[in-house]
Amino acid sequence: MADGNQGKGKVVITYGTFDLFHYGHEALLRRAKELGDYLIVGVTSDAFDRSRGKLNVKQSLIERIKSVENTGLADKIIVEEFKGQKIDDIRKYNVDIFALGSDWVGKFDYLEEYCDVVYLPRTQGVSSTELRRMTAKTLRLGCIGTGIFTDRMIREASYVSNVRVLSVVAADADGLKADSTYDQYKSAESFEELADIVDAVYVNTKPALRPGVLEKALEAGLHVISEGPIAFTVEDVKRLQKLAADKGLVLIEALTAMYLPGFQRLKLLLESGIVGEIKDIDASYSIVPDSLDFRDRYSSNFYNMSSRTLLPALVYLGAKPKDVQVICGYEQDMCTWSKYNLLFETASATLKTGRGVKTEGDMTITGTDGYIYVPAPWWRLEYFEIRNEDLRDVKKHYYECAGEGQRYLIKEFYLYWSDPAIYDMAKGTLEELEVATVGIIERIGSDQCITLANHSSRFGGGENV
Ligand code: C2G
């Protein structure tokens, strides 16, 4: 049924986000209008843009509609809310011509079944992306804690536009202090002083100091991205999350793997049922560092590596396992080996982590129609295979992980910082993930954890923990 525009002559429809409205948009609307007598403009809703991966739109829907209205070229403005809407609109408004800029050539040919499809020349030299870049704020980042993780963060941040590392400070139990290795960066002696220099901090201190440092950073009004887990009891995690929320600050864990294109893509494929229903996830993550202090319980794998180890299960199967079994092996005071068995409603997962113990770092995701195999190191997630009963039918997927991977995480952190609405959408899931991780490691050392006999052959002895 046509909707109110009968007798209006030739009806033309066009769509767009029209963010930071510019003369390219205006020229497009004028050309579209010239194709007929009555122009309908579909402006994309914020949710629709996010669902099609356009995450950095600066203006609200109302502002964008106002800009289109101000041109006086649109006879009718509608909102584009979902993917299949164009066909519905064409039918509903008896559209004769669908018009879009030449950057979309070929993409909408399927609409020729319903009306004429015209691609209009795109105006050169102007784009919303470029305008967004020019109007974007710069995030001034500081690093608390020194060493290879911080060096890597500095390197990777240099690849993210609008992020600048301005300060690096060391931290110990007494507070912040200068480190001469980093004297090309500004230093600070207190969190308040640091908050005058930077907007946000990357925290990479010894695990034992982490919760205290995070609290002081948030108290000083700094947004935080921290190595994880951010604390070691669920109570502390929730307290820090509440503090950040009360102060309107971003607090996220530096879970690099989760933000990699491959990890995100695999998530979408699994949700679309690519291997049917997931029955099991089996993954390992281990490192043998150059040196380890076996007398320091904070060197234990779960204080350093549990978030990354548990990640694929808690993201792909959900952050609410029904039951968890933890097995731990120690050398002196340090937990070197952990195995987590997670039980979900219809699936299970086994995650293994070694620090001072080495094993294959691959991942298998078992499903009812096939399985995913991710070769080591799965946490770089650049390549995976979809395999099934027919051994010759292997689908290979490759998604580049540029540099060392942290740039994707920093980019996301920048997005959360610059656009609180986007952070609000992601926050609940991120918080749940943190709580679930710490809820699991909190069991270590309790009667809910099975402890293996202490194998201390490297040191003599051999007594149980
Ligand atoms: N455009 C143009 N010249 C420019 C920039 C944009 O002609 N320099 C055109 C685009 O080709 C598009 C319209 O202006 O036809 C709106 O552009 P965007 O706001 O970038 O919207 P877009 O993401 O292209 O959405 O369902 C939405 C549509 O698919 C188009």
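Start at 1 and go down the list; that is how both ligands and their atoms are numbered. This is a predicted model, so every value here is computed, not measured.
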Any N or O on Phe48 sitting closer than 3.5 Å to an N or O of ligand 1?
no
Using a 3.5 Å cut-off on N or O atoms only, is Ser102 in polar contact with ligand 1?
no
Can the positive tip of Arg407 be found less than 6.0 Å from the middle of the six-membered ring of Tyr159, inside 45° of the ring normal?
yes
NZ of Lys247: more than 12 outside heavy atoms within 6.0 angstrom?
yes
Report the part of Phe108 in contact with ligand 1, treating N, CA, C, O as backbone and CB onward as side chain, heavy atoms under 4.0 Å; options are side chain, backbone, both, neither.
side chain
Closer than 4.0 angstrom: is that true for some heavy atom of His22 and an atom of ligand 1?
yes
I need the atoms of ligand 1 closer than 4.0 Å to a non-hydrogen atom of Val126, numbered in the order shown.
4 (C), 8 (N)
Looking at ligand 1, does Lys86 have a heavy atom less than 4.0 Å from it?
yes
For His25, the atoms of ligand 1 under 4.0 Å from one of its heavy atoms are 6 (C), 14 (O), 16 (C), 17 (O), 19 (O)
For Tyr15 and ligand 1, does the shortest N/O to N/O distance drop below 3.5 Å?
no
Within a 6.0 Å radius of atom NZ on Lys411, are there more than 12 heavy atoms belonging to other residues, nucleotides or ligands?
no
Nearest protein heavy atom to atom 25 (O) of ligand 1, by residue and atom, and its distance?
Arg52 NH2, 3.4 Å
Does an N or O from Thr44, backbone or side chain, lie closer than 3.5 Å to an N or O of ligand 1?
no
Let me see the working for Phe48 and Phe82 under ring-ring contact (aromatic ring centres under 6.0 Å, His included), right down to the final yes or no.
CA-CA 6 Å; Phe48 178 54; Phe82 61 94; 8.0 Å; no
Starting from atom 21 (O) of ligand 1, locate the nearest protein heavy atom and write down its residue, its atom name and how far away it is, to 0.1 Å.
Thr17 N, 3.1 Å
Using a 4.0 Å cut-off to any heavy atom of Gly16, which atoms of ligand 1 qualify?
16 (C), 21 (O), 25 (O), 30 (C)
Is there side-chain contact between Asp96 and Val12, with at least one heavy-atom pair below 4.5 Å?
no
Should we say atom NZ of Lys279 is surrounded by more than 12 heavy atoms from elsewhere, each under 6.0 Å from it?
yes
Atom CD of Glu235: over 12 foreign heavy atoms under 6.0 Å
no
Please list the nearest protein heavy atom to atom 23 (O) of ligand 1 with its residue and the distance rounded to 0.1 Å.
Lys54 NZ, 2.6 Å
Tell me the protein heavy atom at minimum distance from atom 24 (O) of ligand 1, and give that distance in Å.
Trp104 NE1, 2.7 Å
Under the side-chain contact (heavy atoms from CB on, under 4.5 Å) test against Leu433, which residue among Ile252, Leu314, Val438 passes?
Leu314
Within a reach of under 6.0 Å around CD1 of Ile148, are more than 12 heavy atoms found that belong to other residues, nucleotides or ligands?
no
Any nitrogen or oxygen of Ser128 lying under 3.5 Å from a nitrogen or oxygen in ligand 1? Just yes or no.
no
Side chain or backbone of Asp103 under 4.0 Å from ligand 1, or both, or neither, by non-hydrogen atoms?
side chain
A quick test of your reading: do over 12 heavy atoms of other residues, nucleotides or ligands sit less than 6.0 Å from CD of Glu389?
no
Report yes if some N/O of Leu100 lies less than 3.5 Å from some N/O of ligand 1; otherwise report no.
no
Evaluate whether atom CD of Gln124 has more than 12 neighbouring non-hydrogen atoms of other residues, nucleotides or ligands under 6.0 angstrom away.
no
Looking only at protein heavy atoms, identify the closest one to atom 19 (O) of ligand 1 and say how far it is in Å.
Phe18 N, 2.8 Å
Tell me: protein heavy atom nearest atom 9 (C) of ligand 1, and distance?
Leu28 CG, 3.7 Å
Taking atom NZ of Lys427 as the centre, does the number of heavy atoms from other residues, nucleotides or ligands within less than 6.0 Å exceed 12?
yes
Heavy-atom nearest neighbour of atom 1 (N) of ligand 1 within options Arg122, Gln85, Lys107, Arg64:
Arg122
Among non-hydrogen protein atoms, atom 12 (C) of ligand 1 lies closest to Gly101 N, 4.0 Å
d(Phe384 CZ, Lys395 NZ) to nearest 0.5 Å is 12.0 Å
Minimum-distance protein heavy atom relative to atom 27 (C) of ligand 1:
Glu80 OE1, 3.4 Å
